[in-house]
2 protein chains.
Amino acid sequence: MQSSTSTARPGRPRSAAAATAILAATREALVEVGWSKLTLGDVATRAGVAKTTLYRRWSGKNELVVDAVAELFDELELPDRGSLAADIEGVVLQFVAILARPEAKSGLMAVVAESTRDDALRERIRRSIVDRQKRLVLQGRSRAQKRGELPPETDPEEAARTADLIFDVVAGAVVHRTLVSAEPADEEWVRSFTRVLLLGLTGDS
Amino acid sequence: MQSSTSTARPGRPRSAAAATAILAATREALVEVGWSKLTLGDVATRAGVAKTTLYRRWSGKNELVVDAVAELFDELELPDRGSLAADIEGVVLQFVAILARPEAKSGLMAVVAESTRDDALRERIRRSIVDRQKRLVLQGRSRAQKRGELPPETDPEEAARTADLIFDVVAGAVVHRTLVSAEPADEEWVRSFTRVLLLGLTGDS
DNA sequence: CCATTACGCTACGACTCGTAGCGAAAGCTC
DNA sequence: GAGCTTTCGCTACGAGTCGTAGCGTAATGG
């Protein structure tokens, strides 16, 4: 019996422009001052809104940064490059490019760190970042199966577990290389990584 | 002409017991309140020392947490389990166990996040955590080569690059599984991961 | 036109920060 | 032991941030 999907709330609607400005200002502040010194008051000033507006929409710094960072990862896509190896290399290079941006580096790792003590935050990260990008793994696998590069999966549950594993290996390796080892994930590194991922340590062509 | 290695400073020496108590108190605080709400005043109280003592020894929260967390990783070792696969599974399980501890989770990720904007901090992390554990990769490879499981390396530079790659893949995958995906890295997962690492995605036995 | 909600602004107590200054303690050298 | 040096515990401080409350105004829908 509802007219539409809860969009029909009375009163003045929230400004969409404000949301855009706030998230952009958050990323700007992440670049300039980093996560630990980022204050909501500063973000509000940069965005040209009142501090109270910020608190009305987000419960705290963590939630705000998650939303600001999540937008960065939505540009990932998986163009068909003809082979599984080329597909992997392509998407990994995109991921590397995103992680090279300072707002992604400091923001992402910080909220992940905070999420170890905050279940709601972890769930927010999972929904808005992690699960959204797992599609790339599924897409790549299905393409490789059509090409005959990978065998079709038999057990669907096993297939889901493998997809999760691949996602952790790929994303984890890139993040670790970029942030912890802090060395460039250039094309050469991506090629080596892809080779190991496809052939393993023992399988040298 | 120095009596010993710069240990011969005049004046009252710094209490070694205080350092131990401070680092332990830091880990305790990481468990109870997490990184963002951890205050140096609280740590000082827990350790039973004055806040000023803390500031005399560490320049800030980041440096303190790095030292407190670094001690956790020193217990990693690589017992000879007879095969490369078994060796990898063993050390990965140890790593998983350490990362399961809340003080390791929140502390490590937080300082890594901060290090994206602080070169000195990144170098401190590298020296006290990352490089210290790369020995495990080198040790495992050399053992596998003696067993004939891996070919001897030809180019030493290429060998170093590969070792770095392996380290990023292993550590990154475990960290991502544990912290970002936030799902258990149990024995079954470790077995699957080891299989992919050794045989690759294509190589199914 | 009226109810309802969002907005901008100001002000507030509570808290943490990092530092300074002090007297006392604990080592070394002579 | 005397004297020097450095650390330690304690107290106090201004500066800055936190998250919230209160108010008048702006923008929607019925």
Side-chain angles (χ1 to χ4, degrees), chain A residues 1-26 29-30 32-65 67 110-111 114 117-118 120-121, chain B residues 1-26 29-30 32-65 67 110-111 114 117-118 120-121:
Chain A
M1 299 301 176
Q2 291 154 327
S3 57
S4 79
T5 12
S6 76
T7 320
R9 279 201 309 176
R12 174 177 176 175
R14 289 186 170 173
S15 159
T20 312
I22 290 172
L23 292 177
T26 304
L30 275 176
E32 292 186 17
V33 305
W35 187 84
S36 62
K37 292 182 181 172
L38 181 149
T39 70
L40 294 198
D42 181 32
V43 171
T45 306
R46 290 172 187 268
V49 302
K51 192 171 63 162
T52 43
T53 300
L54 240 154
Y55 278 102
R56 284 192 195 97
R57 303 191 182 201
W58 285 275
S59 57
K61 182 157 87 163
N62 293 330
E63 289 73 15
L64 174 63
V65 172
D67 289 2
V111 294
E114 289 299 301
R117 300 189 38 80
D118 184 338
L121 183 63
Chain B
M1 300 302 179
Q2 291 155 327
S3 56
S4 80
T5 13
S6 76
T7 321
R9 280 201 309 175
R12 175 176 177 174
R14 288 185 171 174
S15 158
T20 312
I22 290 172
L23 292 177
T26 304
L30 275 176
E32 291 186 19
V33 304
W35 187 84
S36 62
K37 292 182 181 172
L38 181 149
T39 71
L40 294 198
D42 181 32
V43 170
T45 306
R46 289 172 188 268
V49 302
K51 191 171 63 163
T52 43
T53 300
L54 239 153
Y55 278 101
R56 284 193 197 97
R57 303 189 182 202
W58 284 275
S59 57
K61 182 156 87 163
N62 293 329
E63 288 74 15
L64 174 63
V65 172
D67 288 3
V111 293
E114 289 299 303
R117 300 188 39 79
D118 184 339
L121 183 64

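Below, chains carry the letters A, B, ... as their sequence lines are ordered, and counting in each starts from 1. Everything quoted here is computed from the prediction, not taken from an experiment. Values reported hereafter were calculated over all heavy atoms of this structure, with side chains retained and with hydrogens, waters and symmetry mates removed.
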Original post:
Hey, is the main chain of B:Glu32 close enough, under 3.5 Å, to the side chain of A:Arg117 for a donor-acceptor pair?
Top reply: yes
Original post:
Hey, what do you get for OH (B:Tyr55) to CG (B:Leu64), rounding to the nearest 0.5 Å?
Top reply: 10.0 Å
Original post:
How many angstroms lie between atom CG of A:Leu54 and atom NZ of A:Lys61, to the nearest 0.5 angstrom?
Top reply: 12.5 Å
Original post:
Quick one: what's the B/S/- string for nucleotides 13-25 of chain D, heavy-atom cutoff under 4.0 Å, read 5' to 3'?
Top reply: ----SSBBB----
Original post:
Given atom CZ of A:Arg14 and atom P of C:dT4, what is their separation to the nearest angstrom?
Top reply: 18 Å
**OP:** Could you please spell out the steps behind the side-chain contact (heavy atoms from CB on, under 4.5 Å) verdict for B:Trp58 and B:Leu40?
**Re:** CA-CA 10 Å; B:Trp58 284 275; B:Leu40 294 198; over 6 Å; no
Original post:
Which heavy atom of B:Arg56 sits nearest a heavy atom of B:Arg14, and at what distance?
Top reply: O-NH2, 3.2 Å
**OP:** Enter the distance from B:Ile22:CD1 to B:Asp67:CG here, rounded to the nearest 0.5 Å.
**Re:** 11.0 Å
Subject >> Net bend of the helix from C:dC1-D:dG30 to C:dC30-D:dG1, end axes of five pairs each, nearest 10 degrees >> reply: 30°
Subject >> Closest approach of A:Glu114 to B:Ser36 (non-hydrogen atoms, all atoms of both residues) >> reply: OE1-OG, 2.8 Å
Subject >> Closest-nucleotide 5' rank along DNA chain C - winner of A:Ala18 and A:Gly11 >> reply: A:Gly11
Subject >> Nearest heavy-atom neighbours spanning A:Gly41 and A:Lys51 >> reply: CA-CD, 3.9 Å
Original post:
Nearest nucleotide by nearest heavy atom, which residue falls closer to the 5' end of DNA chain C, B:Pro13 or A:Gly48?
Top reply: A:Gly48
